[in-house]
Amino acid sequence: MDMEIDEPTNGTSSSRLAPIEEVKPTPKQIKRIAAHSHVKGLGIDTETNEALPEGAGFVGQIAARTAASIIVDMIRMKSMAGRAVLLAGPPATGKTAIALAMSHELGDGVPFVPLVASEVFSSEVKKTEVLMRSFRRAIGLRVKETKDVYEGEVTELTPVETSESSGLGKTISHLLIGLKTAKGSKQLKLDPSIYDSILKQRVEVGDVIYIEANSGIVKRVGRCDVYASEFDLEADEFVPMPKGDVRKSKDIVQNVSLHDLDLANSRPQGRQGDVTNIVSQLMAPKKTEVTDRLRSEINKVVNEYIESGVAELMPGVLFIDEVHMLDVECFTYLYRALESPMAPVVVFATNRGTTTVRGLDDKAPHGIPPEMLDRLMIIPTMKYNEEDVRKILAHRTEAENVQFDEKAFDLLSRVGSEKSLRYALQLIAPARLCAQTCGREIIDLGDVERCTKLFMDRSESLLKAEEAQKRLAEKNSK
Ligand SMILES: Nc1ncnc2c1ncn2[C@@H]1O[C@H](COP(=O)(O)OP(=O)(O)OP(=O)(O)O)[C@@H](O)[C@H]1O
């Protein structure tokens, strides 16, 4: 049986929003999150509801993790409205890691948006706009749709050229594609515009794909697991050959954030393969601004989706580090934003005690105005003992796939507890490089010693700067 797919139609249930398939999720801030790849959750004992001494990659910090898990329960019971969390404690005591673990506990696909308060101050964008964008990035939407699709392992991929050639050379008249499932196979004849998206996704014979019947949108699911032993090492994801018929109804779930929807709808929209539209998009400015009107329009449509059961709201975690850097204007904006029915969970963090509130002359605990402090559930984090530092370093070296010999690891742990955990964590990568340049995979004592001499920790660097200043003052006084 042949299938011709010519004009893609909008896949979503509302024509007022850009099709969800065209909404590209914003890439995660990989660097900031990679440092916590060993943390998989809060590590709570399900019987006692207390944090385990060691669990889900977390070590110690039991009271803070238990408190964070109570907050997660409050979020699930929807009793956090108008409130936020503050993690207060010395540097490298796991504040970011706890906030990230909270988003893991809230479920798969729940957004985690880290923001350093100083990022709010930009000469180009208003501070409240930066905050608003981050808020909307942290609100996820899980869109579930049942779609008519053709799905199977690709057995044939033949672009057929037109018989007569134009001045510009031959063009493709259609694409022949063979799809196979465990139950049967089908050959489809596809519109050439679909070939572009097949090329972009580098679909090859042996891949599992699906094509939406009413829009022609193609999605590569992965490589069929029949080919799993082709190479010793593979970067690809293997998926089983689909069961059932090639043409079927499939539940498709996509996670996007409100910010992704804002962006997708701020672009002039056109239909795939429509030349006049592509040209007009080139001429037009790339993006129109995301205005408050556009946002409230999107909120309205999203609410319709939620009411009709097509979508589910997933409030994520917005983590604002160094909260003492925010000023009064930002806090005033935040009071209002926290009360909105579509608010993520806001987790602030700071390592400051009492300090001046920016924009006011008054001092306040953590540099936060009292009106905001009243709305906060404050969780303190404590410094680690030597044993905990050793265990955290062991988790990190395992996550980074680095091997130390016993004496080298003893020294690294001592450095971590005597100087700082962050300093010891930062020595792992250069120590590995030192070993590799000597042709070794296992880091030895000499590598760690060398790195501690080459790189200073914060207190040593501060001492050196103070000494230099003292010498200069003595010289000037002579
Ligand atoms: N209790 C812990 N268990 C496991 N890993 C931890 C723990 N605490 C901290 N870490 C790890 O140590 C590193 C530093 O922690 P993190 O960045 O969360 O500290 P922080 O309190 O946010 O620091 P800062 O105040 O400097 O922003 C990270 O790699 C983190 O995953």
Side-chain angles (χ1 to χ4, degrees), residues 28-45 50-69 85-105 112-120 317-326 346-353 355 366-368 378-402 409 412-413 415-417 419-432 457-459 461-462:
K28 293 224 170 79
Q29 305 201 14
I30 294 168
K31 249 208 212 140
R32 277 194 209 161
I33 296 178
H36 312 281
S37 54
H38 60 290
V39 173
K40 310 278 184 242
L42 286 168
I44 303 292
D45 183 334
E50 283 270 327
L52 294 160
E54 216 178 321
F58 249 120
V59 176
Q61 215 63 270
I62 293 181
R65 282 159 53 212
T66 308
S69 95
V85 180
L86 171 68
L87 292 165
T93 46
K95 299 184 290 294
T96 314
I98 291 178
L100 178 64
M102 284 169 73
S103 76
H104 284 320
E105 295 287 342
F112 175 74
V113 179
L115 177 79
V116 178
S118 43
E119 285 174 50
V120 166
V317 174
L318 169 61
F319 177 70
I320 307 183
D321 206 356
E322 294 175 23
V323 62
H324 53 268
M325 295 294 291
L326 293 181
V346 181
V347 180
F348 298 115
T350 184
N351 47 34
R352 293 289 167 96
T355 181
H366 315 296
I368 301 175
I378 304 176
I379 304 177
T381 56
M382 307 298 171
K383 280 199 96 166
Y384 297 112
N385 60 29
E386 196 177 333
E387 199 191 324
D388 285 347
V389 167
R390 198 180 166 88
K391 284 183 187 159
I392 294 171
L393 286 169
H395 278 288
R396 262 330 289 166
T397 49
E398 198 188 317
E400 292 182 34
N401 204 7
V402 187
F409 192 69
L412 188 76
S413 311
V415 166
S417 59
K419 296 193 168 170
S420 79
L421 171 62
R422 170 116 335 119
Y423 176 58
L425 288 167
Q426 273 165 353
L427 291 182
I428 298 177
R432 183 202 335 227
D457 78 304
R458 203 170 58 151
S459 51
S461 148
L462 193 73

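We're numbering straight along the sequence, starting at 1. Both counts, for ligands and for their atoms, begin at 1 and track the order of listing.
Partners of I44 by side-chain contact (heavy atoms from CB on, under 4.5 Å), not counting sequence neighbours, listed by chain and number: L42, A51, S69. The side-chain contact (heavy atoms from CB on, under 4.5 Å) search around R422 returns A92, S420, Q426, not counting sequence neighbours.
Not a single heavy atom of H395 sits less than 4.0 Å from an atom of ligand 1. Within the structure, ligand 1 has A92 among the residues with a heavy atom less than 4.0 angstrom away. Distances from ligand 1 to the non-hydrogen atoms of A35 include at least one value under 4.0 Å. Assignment of K391 to the shell around ligand 1 is not supported, since no heavy atom sits closer than 4.0 Å.
A heavy-atom distance below 4.5 Å is not found between the side chains of I320 and V347. No side-chain heavy atom of H366 sits under 4.5 Å from any side-chain heavy atom of T355. The side-chain heavy atoms of Y384 and L421, taken from C-beta on, include a pair separated by under 4.5 Å. Between L115 and D321 there is no side-chain heavy-atom pair separated by less than 4.5 Å. The shortest side-chain heavy-atom distance between E322 and M325 falls under the 4.5 Å cut-off.
Closest protein heavy atom to atom 30 (C) of ligand 1: H36 ND1, 3.3 Å. Looking from atom 5 (N) of ligand 1 to the surrounding protein, the closest heavy atom is H38 NE2, 2.9 Å. Protein heavy atom in closest approach to atom 17 (O) of ligand 1: R422 NH2, 2.8 Å. Scanning the protein heavy atoms around atom 27 (O) of ligand 1, the nearest turns out to be D321 OD2, 3.2 Å. Looking at atom 22 (O) of ligand 1, its nearest protein heavy atom turns out to be T96 OG1, 2.6 Å. Given atom 7 (C) of ligand 1, the protein heavy atom at minimum distance is Y384 OH, 3.3 Å. Looking from atom 21 (O) of ligand 1 to the surrounding protein, the closest heavy atom is K95 NZ, 2.8 Å. With respect to atom 9 (C) of ligand 1, the closest heavy atom belonging to the protein is G94 CA, 3.5 Å.
Numbered from 1 in the order shown, with element, the atoms of ligand 1 that lie under 4.0 Å from a heavy atom of V59 read 1 (N), 2 (C), 3 (N), 4 (C). Shown in contact with L425 at under 4.0 Å from a heavy atom are these atoms of ligand 1, numbered in order with element: 12 (O), 13 (C). Listed by number with element, the atoms of ligand 1 under 4.0 Å from a non-hydrogen atom of A97 are 18 (O), 31 (O). For ligand 1, the atoms lying closer than 4.0 Å to a non-hydrogen atom of G57 are 3 (N), 4 (C).
With a heavy-atom cut-off of 4.0 Å, I98 does not touch ligand 1 at all. Using a 4.0 Å cut-off between heavy atoms, E322 makes no contact with ligand 1 at all. Contacts of I392 with ligand 1, taken as heavy-atom pairs under 4.0 Å, involve the side chain alone. Only side-chain heavy atoms of N351 come within less than 4.0 Å of ligand 1; its backbone N, CA, C and O stay farther off.
K95 places a side-chain N or O within donor-acceptor distance of the main-chain N or O of G89, the cut-off being under 3.5 Å. A donor-acceptor distance shorter than 3.5 angstrom exists from the side chain of Q61 to the backbone of T93, with no hydrogens or angles considered.
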E400 and H38: side-chain hydrogen bond (donor to acceptor under 3.5 Å, both in side chains), yes or no, with the steps? CA-CA 9 Å; E400 292 182 34; H38 60 290; over 6 Å; no
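The distance from atom CD1 of I428 to atom CZ of F409, rounded to the nearest 0.5 Å, is 8.0 Å.
Salt bridge E386/R390: absent, no basic N to carboxylate O contact under 4.0 Å.
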